[in-house]
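Fair warning: this is a prediction, and the values are worked out from it, not measured in the lab.
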Amino acid sequence: MQLSREDEQFRDRLRRWLAGSLTGRFAALRGAGGPGREYEAHDERLAWNRHLAAAGWTCLGWPAEYGGRGATLAQQVIFHEEYARSGAPSRVGYLGEELLGPTLIAFGTPEQQRRFLPAIRAVDELWCQGYSEPGAGSDLAAVATTAAPDGDEWVITGQKIWTSLAHVADWCFLLARTQAGSRRREGLSYLLVPMRQSGITVRPIRQLTGTSEFNEVFFDGARTRRDLVVGSAGDGWRVAMGTLSFERGVATLGQQIGFERELGRLVEAARRTGVAADPVLRDKLARAWIGLAAMRAHALDTLAAGPEAADAAPSVLKVLWSRWHQELGELAMEVLGAPSMVARGEPYDLDDWQRLFLFSRADTIYGGSDEIQRNIIAGRALGLPRQARP
Ligand SMILES: Cc1cc2nc3c(=O)[nH]c(=O)nc-3n(C[C@H](O)[C@H](O)[C@H](O)COP(=O)(O)OP(=O)(O)OC[C@H]3O[C@@H](n4cnc5c(N)ncnc54)[C@H](O)[C@@H]3O)c2cc1C
């Protein structure tokens with residue numbers, strides 16, 4: 001990606017700001033949060049996020065008229081790379097900033113935009129994503145949660161599952177069936193629902209890592225205002241797919257900087273423990289480095305192509321990074337050997353490598369499983385016929 005003089009100045013300004021801000025009470029937050037570690041220092045990370053927002057470092061890619069910075073693609077890439085490089089903590093408002101915000105900009109009414117975008121930008125309100133249900137994961141069109149009109153409100157009944165960060169969210173964007181008797185993609189609506197109300201119960205799900213960052217969410221006569229439907233009622237599938245198309249985007253470059261740092265630490269560990277001389281492990285570490293370089297090239301290519309990028313490109317990237325990261329977790333266990341099989345303490349005190357190994361099992365599931373991504377690639381890149389539905 002070609003960087004202009006302004007881009008380099010932007011990078012310098014950001015670097016200086018990050019170095020100057022990750023001090024004092026925020027210094028201890030370096031490296032906190034992220035997949036598998038969302039429970040870490042939530043309140044302090046929220047304060048950090050608001051500090052970022054106050055300095056204008058949230059929602060960079062949103063157009064200026066919606067409260068964003070209207071940053072170029074190159075500057076957004078720089079932001080995510082420098083942010084990850086600085087070790088700044090994982091952002092708590094990313095579901096609002098990266099998924100709902102762009103959705104409201106594309107599909108929301110001016111009233112919805114005025115009501116919700118400023119609070120997302122300032123990190124005053126946190127969001128969660130209510131798509132998956134016990135019977136609707138990969139097959140999202142099987143959503144069974146219903147929303148029935150009642151005066152100027154919707155009344156919502158059903159269950160969502162795997163809802164990340166629902167326990168700290170103020171609002172949920174969810175997919176519900178608003179047309180009684182409708183099937184599959186028809187009759188669904190995309191609703192904005194306040195989480196703090198008596199009709200909603202959030203029950204944490206304990207993960208393999210021993211911690212909980214996603215939840216079951218039960219809607220038992222929960223209510224939201226009638227005008228809080230994004231797009232029109234019945235058009236929820238199109239809006240929901242719009243949201244998915246925003247998932248990851250440029251943030252993927254920041255994620256890769258995080259991966260690079262993890263690989264660097266693993267190479268250090270291999271040197272320290274003396275296993276770096278083992279020919280099989282050397283081979284695997286070199287393969288990991290090559291995989292990362294290929295992933296970065298693919299991501300930059302896809303971003304540079306913009307809307308011209310191949311239809312299957314996001315799926316290719318998802319398969320590449322999820323498998324790569326899972327294999328890194330497995331390799332870490334090999335490098336660290338037998339001690340990696342024992343927790344540091346009771347009841348479940350894992351070190352960073354153990355947590356990475358266990359949590360990365362989820363990488364090939366969330367954001368669309370590997371099998372589903374390969375199905376998409378088979379159709380879009382290879383032109384194979386659709387898979388028969390059982
Ligand atoms: C860490 C994590 C966080 C998540 N956060 C959220 C969230 O915030 N909000 C939300 O709505 N959801 C969230 N999810 C849910 C996630 O989107 C689903 O887990 C995912 O879509 C898969 O659905 P499922 O779990 O129901 O599995 P299923 O769809 O039941 O799939 C089970 C297995 O069958 C395979 N399979 C299914 N259909 C096919 C097919 N047609 N062809 C071949 N293989 C197939 C799948 O690949 C998988 O291996 C999260 C999941 C995880 C792991």
With a 3.5 Å distance limit and no angle check, can you tell me whether D150 reaches the backbone of V155 through a side-chain donor-acceptor pair? no
Establish, yes or no, whether the cationic atom of R265 lies under 6.0 Å from the six-membered ring centre of W353 and within 45° of the ring axis. yes
Do D7 and I78 come within less than 4.5 Å of each other through their side chains, counting heavy atoms only? yes
Any I205 side-chain heavy atom under 4.5 Å of I161 side chain: yes
By the definition salt bridge (charged side-chain N to carboxylate O under 4.0 Å, His left out), identify the one residue from R45, R355, R91 that meets it with E38. R45
Ion pair present between E8 and R5, side-chain N to carboxylate O less than 4.0 angstrom? no
Is there a donor-acceptor contact under 3.5 Å from the side chain of Q112 to the main chain of V229? yes
Does the side chain of K284 reach to within under 4.5 Å of the side chain of V335, using non-hydrogen atoms? no
Is the side chain of Y190 donor-acceptor paired with the backbone N or O of S232 at a distance under 3.5 Å, no angle test? no
For the backbone of G33 and the side chain of E40, can you confirm whether one donor and one acceptor N or O come within less than 3.5 Å of each other? yes
Over 60° means perpendicular and under 30° means parallel, so classify the ring planes of W48 and F26, tilted if in between. perpendicular
Could you tell me whether the side chain of L285 reaches within less than 4.5 Å of the side chain of L263, counting heavy atoms only? yes
Does F116 offer a backbone N or O that forms a donor-acceptor pair with the side chain of E125 under 3.5 Å? no
Can the positive tip of R226 be found less than 6.0 Å from the middle of the six-membered ring of W154, inside 45° of the ring normal? yes
Check this for me: E186, atom CD, are more than 12 non-hydrogen atoms of other residues, nucleotides or ligands nearer than 6.0 Å? no
Give a yes or no on whether the ring-centroid distance for F10 and W57 is below 6.0 angstrom. yes
Could you go through the salt bridge (charged side-chain N to carboxylate O under 4.0 Å, His left out) check for R25 and E44 one step at a time? CA-CA 9 Å; R25 66 177 176 138; E44 293 84 348; over 6 Å; no
Do W62 and I105 come within less than 4.5 Å of each other through their side chains, counting heavy atoms only? yes
Within a radius of less than 6.0 Å around CZ of R386, do more than 12 heavy atoms belonging to other residues, nucleotides or ligands occur? no
Short side-chain to backbone donor-acceptor contact, E260 and R85, under 3.5 Å: no
Say whether, by atom type as modelled, one donor and one acceptor occur between the side chain of E327 and the main chain of A288 under 3.5 angstrom. no
Surrounding CZ of R225 (heavy atoms of other residues, nucleotides or ligands, distance under 6.0 Å), is the total greater than 12? no
Would K318 count as a cation-pi partner of W321, with NZ or CZ less than 6.0 Å from the six-membered ring centre and within 45° of the ring normal? yes
